[in-house]
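Comments concern the structure below.
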Amino acid sequence: MNEPPARAGAEVQGPARVLDLTAFRRDDFDGFYRREVRAVSVFLMHQGASPYEAADAAHEAIARLLPDRWRTVEHPRAWLRVTAQRCYWRQSNTRTSAMDPVPDRPGGTCPVAEVVLTDTQQRVLDALGRLTPARRTAMAWYLDGFDTAEIAWMLGLTPEAVRQNICRARRDLVIILGLDKGDAYE
């Protein structure tokens, strides 16, 4: 694989980045899979999933996208994240620790190996895990490049509620990470 590992918290460029259907070709599921499985795994890790839980939920969501839904879902990136999030929540309710092996991607590589976290990113992930579920969920969507209107639409909330959760999450993260004391943060 020639692509660099997905980085947690990497920003997506452009205002029409999320729901733009021209960002991928409907006949190139392999390219969509390679790009999105890593991004969805990081998205779920922002919500508190371990790398193994994230990979499991991402693969379960992708399996639900195939074979019929791939060509008919209007916004596959958003659909994949909503479905993966639900899969993660469901597995969080049914087991306390990851017991199953991480599913392999085509070609025999595991998506967990594709997600590289720096110490700083791991510290931020740990801090995200200390947020309330509503704030953590809104922040995970925001960090994945979705704007507040898109997040609101996907989660069935008002844009104001999403903005409030993101604002409060930022405030909480500043405190959790010790940035309110003037500490330098790398």
Once rounded to the nearest 0.5 Å, what's the spacing between atom [atom1] of [X] and atom [atom2] of [Y]?
X: L131; Y: N165; atom1: CG; atom2: CG; value: 10.0 Å
X: F43; Y: D144; atom1: CZ; atom2: CG; value: 6.0 Å
X: W79; Y: T72; atom1: CH2; atom2: OG1; value: 9.0 Å

Go through the structure and list residues passing side-chain contact (heavy atoms from CB on, under 4.5 Å) with [X], not counting sequence neighbours.
X: Q122; result: L117, L125, D126
X: E36; result: F32, A39, V40, R77, L80, R81
X: A54; result: S41, L44, M45, A49

Show which side-chain atoms of residues 170-178 pair as donor or acceptor with protein atoms under 3.5 Å away, not counting sequence neighbours.
residue, atom, partner, partner atom, Å
R170, NH2, Y142, OH, 2.8
D172, OD2, R135, NH1, 2.6

Going by heavy atoms in the side chains, are [X] and [Y] under 4.5 Å from each other?
X: R64; Y: C87; value: yes
X: Q91; Y: Y88; value: yes
X: R136; Y: W141; value: no
X: Q47; Y: M139; value: no
X: T137; Y: Q85; value: yes

Check the pair I151 / I166 against side-chain contact (heavy atoms from CB on, under 4.5 Å), numbers first and verdict last.
CA-CA 11 Å; I151 298 167; I166 291 171; 4.2 Å; yes

Any pair with a residue in residues 151-162 that passes salt bridge (Lys or Arg N to Asp or Glu O under 4.0 Å), sequence neighbours left out, goes on the list, sorted by first then second residue, please.
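Counting only pairs at least two positions apart or across chains, the salt bridge (Lys or Arg N to Asp or Glu O under 4.0 Å) contacts touching residues 151-162 are E160-R163.
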
Donor-acceptor pair, distance only, cut-off 3.5 Å: does the side chain of D56 make one with the backbone of Y52?
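Not at all, since once roles are kept as given, no pair shorter than 3.5 Å links the two residues.
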
Check A84 against A57 and note the closest heavy-atom contact, atom names and distance.
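The pair with the smallest heavy-atom distance is O-CB, 3.6 Å.
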
Starting from the C-alpha separation in whole Å, work towards a yes-or-no answer on side-chain contact (heavy atoms from CB on, under 4.5 Å) for V73 and L65.
CA-CA 8 Å; V73 169; L65 188 58; 4.1 Å; yes

